[in-house]
Each structure stands twice: as C-alpha cells, then as structure tokens.
Amino acid sequence: MEKSKKALPIVLASALAATPLVAVPQQAHALSGVSITADDEEAGETTDYDIEFTTGDFIDSGDKIYVKFDKDFDLDDVDEDSIDADFDIEDVEVTSGNVVEITVDEDIDDDEDISFTISDVVNPDDEDTYDIGVKTTNETTYKYDEIDIEDGGSSSSDDEFNVDLSSTVAGEKVSLELGDFDLDGSDELETGETITVIFPDEDMLPSSISKSDVKVNGYAAKAVDVDGDEVSIDVPSGADGNDYINLEFLKAAGITNPDTADDYTFTVKYDGTTYESESVDITKSGSSSAVSGNYTVNLSDPAAGARSSYIFEADFGKDLKADSDLIIEFPSADMVPMILSTSDFSVNGKEPKKVGAIGNKVYITTPTSFSADSNVKVVVSYTAWITNPKTAGSYTLKATAAGKTITSKAFTIGGSTVNPTTPTNPTTPTTPTAPTTPVNNSTATITLTTTALNQATGVNVAIKGLGVGLAKQRDFIELVFPAGYKVPAYIAPANITVNGVAANYVAVRGQNVLVYPSQDIPAATAATVSITAAANIVNPAVKNAYSISVFTSEEKGLQFARAVGVGMPAPAQPAQPTAPKPTTPTPAQPSVTVPSNAALFKVNAKTFTLHGKTYPLSQAPYLAGGNTTMVPAQFFKEALALTTQWNNQTVAIISGTKVLKFSVGSNKARVGNTEVTLPAPVVLKEGMPMIPVRFVTDNLGYKVGWDAKTSSVYVYR
C-alpha cells in the first residue's frame with residue numbers, strides 16, 4: 001500500500017501537463033435562494049413575513065435591502081420596530097411603490113444566508129397570487145417569490161394553467177403540455193403520490209398510455225393508468241419536493257383532439273386541490289389556428305451568423321394573460337443559447353417572470369403584474385445572445401400565445417457573416433480587416449490610477465493592436481476583473497473612453513465590463529481604453545497582485561492579461577514573449593511555488609483549498625482510467641467562480657460567451673456549437689456530475705499544476 005501512495009503523484013503529474021496562463025471572463029452572481037413566507041395567508045389579516053435569501057456580492061454598511069410588496073398590501077404600520085433581522089439595521093423606511101427600504105449597519109459577506117422578519121403587514125383583501133420581490137444595492141432587478149392569499153380554506157385553485165397542443169385541429173393526434181403551474185399553499189410533490197388529469201372528452205384517450213410517454217416536471221412518470229376521461233399519474237422520484245406541476249404527453253401517448261370544434265378545458269387534481277386550465281380553441285379540420293405572414297420581425301443585424309436583437313408585435317385575437325406562456329420558435333436550435341436571462345426579454349414593456357429554452361423554442365412566462373392583452377410586443381435584446389442562422393436565406397418565426405400560433409412574415413438573412421460567436425479560423429482570421437501578420441501585444445499595458453486598497457480606481461488599457469477590426473456600436477472590447485474587485489452593475493458610457501472618445505454603450509456582466517466604441521477601430525490599430533474613477537470600480541481589500549484580462553468580441557481567446565499591484569507599488573510590466581515558456585510540472589520539481597489565487601484539491605479528498613481556507617466538496621475527485629482526473633461540477637462553481645449549472649442529466653459551465661455542455665453518461669461534450677470527445681464519460685455520483693477537470697481548464701484557458709509538497713493538484717488563471 002505504501003508504494004501505491006508514493007506512485008500517485010507521478011500518475012497525476014503526467015496526466016496534468018501545464019497549459020498557458022490565461023485569465024477568462026467570470027460572472028458574479030446576483031442574490032439567490034429567495035424565499036418569502038407569511039405566518040397568515042388569509043386575506044385582510046395583519047401578519048409577519050419571513051424573508052430569506054443568499055447574497056451574491058458584498059453588502060457594505062450603509063447599503064440597502066429592498067423588499068417590494070404588491071400595491072394591494074397595506075404597509076402603513078411598518079417601521080423600524082417591525083423588523084427583526086440577523087444583521088444590524090441603521091434605518092427603515094417605506095417608500096413609494098410599496099417598498100420597505102432597510103439600511104444595513106454592518107458589512108455582510110458574499111454568499112451569506114440572510115433572514116429577517118417584517119411585521120405589521122396587512123394582506124390584500126382579495127384572494128389571489130401576489131409577487132413580493134427582494135434586491136440589494138448590488139442588484140438592478142428584483143428577485144420574486146409568490147404568496148397565495150386565500151379567503152380561508154378554498155379547496156379549488158382559481159389560477160388557470162396553460163395548455164400547449166402541437167395542433168388545435170379537430171381529430172388530429174397531438175402532443176400535449178399542461179402547465180407549469182404552482183401548487184397551492186405549502187404543497188409539494190411526493191414520490192408515488194397521484195396526479196389526476198381529467199380530459200374534456202374521453203374519446204381523446206387511448207385505452208392505455210406507456211409511462212415513458214408521460215413526463216412530470218421533465219421526468220418519466222412512475223406509473224400511468226387510464227380510466228374513462230381520467231388519467232392517473234404516479235409522481236416519479238425526480239419530481240419529489242417540487243412545488244409546481246408540468247405535465248407532458250408525448251405524441252406516442254396516442255392522444256387525439258376532440259372531433260368537434262369548440263372551446264375545451266382540462267382539470268388537474270393533486271392532494272385535494274383542483275386546478276383548471278385555460279380554454280383551448282379546437283378548430284374544424286382544415287382550418288388551423290396558425291396564421292401565416294401576420295407580423296414583421298425586426299433585427300438589429302441581419303447578417304448570417306451575427307448576434308442580433310429580435311423585435312416583433314402581433315395580435316393573437318385572444319388575450320395573453322398574466323402568468324401565461326408565450327412561445328417563440330426560432331428557425332434552428334443553434335440560434336438559441338443554453339442559458340437565458342429574463343432581463344434580456346420584455347413582453348409589452350415588462351420583464352418576464354421566467355425564460356427558458358428547449359431546442360429552438362424559447363418559453364417566456366408573463367409576470368403576475370402583466371395586463372391581459374391580445375396585442376403582444378416582444379423584445380429580445382442583443383444581450384440575449386440569439387444568433388442569426390449561419391446560412392443566408394429567407395426565414396420566419398413562429399409565436400404561440402393564448403393557444404394560437406402565428407407565423408411571421410419572412411425576413412432575410414444576408415450572406416456575409418458578421419460578429420461570429422465562434423470564428424472558424426481564429427489563428428488566421430478571414431475577416432477582410434484582418435492583418436496579414438499577427439499582432440504583437442507583448443508590450444500592451446494595464447495601469448491603475450490608484451493602487452490603494454478598497455478604493456475606487458481608474459483603469460487605463462493600452463492595446464498595441466487588434467487582430468480583427470471592431471465596428472462601432474456593434475463590436476466590443478471586454479475587460480475582465482478578477483475576484484476581489486467590486487464592479488458596479490451599471491457604468492455610464494461617459495466614464496469610459498476609447499481612443500479619447502466616449503463609449504457608445506457599456507454593459508456589465510458580473511466582473512466583466514463590455515465597452516462598445518463609438519468609432520470603427522481597424523485591424524492592427526492601437527486602442528486605448530480609459531475608465532475614470534467615477535465608474536466606481538473598487539480595488540480589492542487584500543494586498544496582492546491581480547490579473548486583469550482583455551478580450552474582444554471578434555477574436556477567439558485572450559488578447560492579453562497584465563498583473564496590477566493593489567496595496568503595493570505597481571509592478572513593472574516588461575515586454576512579454578509572444579509564446580509563453582513551457583512550465584510543465586514534473587514529480588522532480590518539489591520546490592514549485594503555488595500561485596496565491598490557485599484552488600487546490602487532492603484525489604480522494606472531499607475538500608478544496610482557496611486562499612488558505614478549506615471548503616467541502618460533495619464528492620471527492622478521483623482518477624478514471626488511471627490518467628483522467630475527475631472533479632465534481634461543484635468545484636468549477638465554488639473554487640473557480642465559473643457560472644455552473646447542473647442536474648441529474650446535464651451540466652453547463654459558462655465563461656463569458658463560451659459555454660461547455662456535458663451529458664451525464666456520455667463521453668461527448670459541446671464547446672459552443674462544436675461536439676468533441678472527452679477522455680472519460682461524465683459520471684453521476686449521488687446526484688453530483690463528475691467532469692474531466694483537464695478538459696474544462698484547457699478549453700477555458702486555466703493553468704494546472706502539481707504541488708508535490710502537499711500532494712495536491714492546483715488550478716489557477
């Protein structure tokens with residue numbers, strides 16, 4: 001056994017050849033885990049509201065927490081004495097818009113669990129579902145939770161859930177989706193419990209339905225039984241604990257529309273509560289509810305492969321209501337990114353409640369405050385990262401609302417590829433503006449106007465040349481600030497100049513600042529980006545050297561990164577070689593210095609170390625096949641601060657505009673739109689996907705090394 005222990009570092013060291021030091025875009029996280037509960041949910045009652053959430057960024061003393069109640073709540077008696085919190089409070093004020101504004105009197109760390117109670121709140125007089133939102137000084141939008149105000153013990157829900165049929169033509173065989181809709185009160189799905197669906201006509205149903213053709217919240221049903229017009233569905237283990245229901249009947253289930261054209265509704269029963277659907281209009285055979293060529297789609301950039309906004313307005317003839325789904329069907333799935341944000345969409349000027357994508361379809365749920373209207377204007381902003389079809393031609397969109405599908409007028413995608421998200425030849429760009437010789441940014445510099453700890457600083461970036469030119473108002477230069485820096489959620493364009501001219505637009509994504517120039521910048525031309533201290537980018541509070549990175553929207557990979565000293569004299573920035581020197585660690589190098597910002601882990605140990613502190617992992621890293629190191633998806637989120645999302649089936653790891661997608665049990669992954677083979681398949685261990693660490697670090701530009709002194713693998717940028 002002792003020989004085996006000594007041999008382990010050699011295996012790991014050979015499996016972890018170093019990669020060039022590259023800083024990659026990071027995304028800070030907004031507050032999460034918002035939970036709002038009331039001691040009494042009865043209409044008109046005075047009660048206490050318990051608020052819980054997890055901070056996404058530091059909250060400084062003097063910053064504020066905002067709790068926004070619907071206008072129907074009475075907050076007249078709420079004051080400082082009404083707040084019972086686990087943090088110190090300086091002041092409490094109820095402002096216009098029914099917002100309780102709490103001024104914090106202490107510093108609160110990021111990723112901290114916060115809880116407090118607001119007393120003396122009077123519930124609305126009307127039974128309904130109401131939204132209550134929470135945000136802090138660090139967020140621009142509220143995170144909402146729902147409260148069901150009841151009149152005292154109703155066993156029937158007044159909310160109408162959505163019905164989505166693949167066709168509304170009478171007699172046609174269809175796929176069917178019901179919901180999703182929230183369960184009343186504190187109800188949650190339990191494995192083995194029964195959901196009953198009552199169809200409007202028993203002739204719609206076959207004599208039996210396979211459980212594999214029915215999904216509950218995305219999971220195959222545990223059992224399905226058909227009896228007359230009722231279908232009984234046993235809740236599968238994957239949906240256990242969910243507080244909502246979404247039911248899918250695949251086309252193979254054998255469901256057909258009623259033979260008679262009319263309006264129909266569906267009923268769902270669970271745990272003693274009855275839920276009614278919206279009305280669905282079944283049309284006569286040959287008279288489909290889909291209408292062609294009814295509205296115009298406007299694009300900000302019609303070039304093939306370009307990233308573009310999509311705006312359209314259509315009249316569906318029937319009102320789209322609050323908490324209802326609007327479905328946009330794009331020409332192809334590769335146009336739609338895996339991760340979407342509600343802030344990048346609006347429906348009739350309001351931010352949606354939820355946004356999600358399946359294939360080429362984007363599902364938008366209208367907010368609770370949405371006013372029912374048959375005329376619907378949809379704005380999909382440029383920042384949603386929807387890309388045009390790669391091939392020039394004529395295309396249409398389909399939009400479905402209130403059970404009606406309308407096809408747009410044809411719009412034309414041009415032949416020239418502009419703003420590609422994945423350049424086909426990044427080492428020798430084919431864009432006409434590309435220089436014939438590579439650009440050398442070895443003498444490019446990044447300097448701060450102040451190096452004082454925890455102080456707002458200006459930043460000056462001197463780019464010696466661009467490999468591919470940037471078009472004004474469309475392309476951008478991206479600056480990525482490392483963890484420790486405080487980057488505000490908004491920076492005014494007047495506080496940033498490019499070659500002496502104020503920026504056209506500035507976008508902030510966590511630690512990433514995207515600067516859109518007001519003028520064209522040709523290839524091989526120098527560019528100077530100057531950020532004033534008024535932008536309020538704040539230096540870290542810990543003395544150290546921090547690496548700031550530079551990217552552009554038109555070139556694949558890092559342009560350059562430079563270390564800046566904070567709390568110490570600014571380090572000199574000597575010319576750096578074009579090709580970095582190889583630093584491949586070997587077992588014979590016990591004196592290697594581990595970078596201060598590195599995250600360390602050990603094989604077969606359920607922990608990782610960062611900045612001298614040890615944190616738990618749900619599963620221990622291990623070796624697969626003797627030479628592939630597997631780590632839990634949790635490591636990339638908590639140790640490297642990468643946006644990481646996972647469930648029992650899929651994993652997505654996001655760095656700036658780059659998305660890595662994995663499927664549990666598969667040795668195939670996707671880097672953007674390209675499929676690649678993994679050195680080992682992704683494995684699920686007790687609900688946690690295990691990922692080949694080297695595949696992620698290689699694709700996102702991280703460096704990996706071996707610390708023989710502690711027998712640890714370290715990862716850093």
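- A donor-acceptor pair under 3.5 Å is absent between the side-chain atoms of Thr396 and the main chain of Thr407, judged by distance alone.
- Classified by interplanar angle (parallel below 30°, tilted 30° to 60°, perpendicular above 60°), the ring pair Phe161/Phe181 is parallel.
- Rounding to the nearest 0.5 Å gives a distance of 10.0 Å between CZ of Arg562 and OG of Ser549.
- A donor-acceptor pair under 3.5 Å is formed between the side chain of Tyr295 and the backbone N or O of Ile406.
- Between Leu642 and Tyr702, the closest heavy-atom pair is CD2-OH, 3.9 Å.
- Looking at Asp180 and Lys354, a side-chain N of the basic residue comes within less than 4.0 Å of a carboxylate O on the acidic one, giving a salt bridge.
- In this structure a side-chain-to-backbone donor-acceptor pair under 3.5 Å is present from Asn348 to Lys377.
- Looking at heavy atoms from C-beta onward, Val529 lies out of side-chain contact with Val550 at the 4.5 angstrom threshold.
- For the pair Thr283 (side chain) and Thr168 (backbone), a donor-acceptor distance under 3.5 Å is present.
- In this structure, Pro681 and Ser666 have side chains that are not in contact, with every pair of non-hydrogen atoms separated by 4.5 Å or more.
- Residues Ser308 and Tyr310 come closest through the heavy atom pair O-CD1, 3.7 Å.
- Annotation: side chain of Phe411 is in contact with side chain of Ile413 (closest heavy-atom distance under 4.5 Å).
- Using a 4.5 Å heavy-atom cutoff, the side chains of Ser332 and Lys390 are not in contact.
- Within the 4.5 Å cutoff, the side chain of Leu479 has no heavy atoms near those of the Asn512 side chain.
- In this structure a side-chain-to-backbone donor-acceptor pair under 3.5 Å is missing from Asn441 to Ala444.
- With a 4.5 Å cut-off on side-chain heavy atoms, Phe560 and Val461 count as touching.
- The main-chain N or O of Pro367 is never found under 3.5 Å from a side-chain atom of Ser369 such that the two would form a donor-acceptor pair.
- Residues Ile537 and Ile531 are in side-chain contact: their nearest non-hydrogen atoms beyond the backbone lie under 4.5 Å apart.
- Within the 4.5 Å cutoff, the side chain of Val347 has heavy atoms near those of the Leu326 side chain.
- Side-chain atoms of Glu139 never come within 3.5 Å of backbone atoms of Gly56 as a donor-acceptor pair (strictly under, hydrogens ignored).
- With hydrogens and angles ignored, the 3.5 Å screen pairs no side-chain donor or acceptor of Ser394 with any backbone N or O of Thr412.
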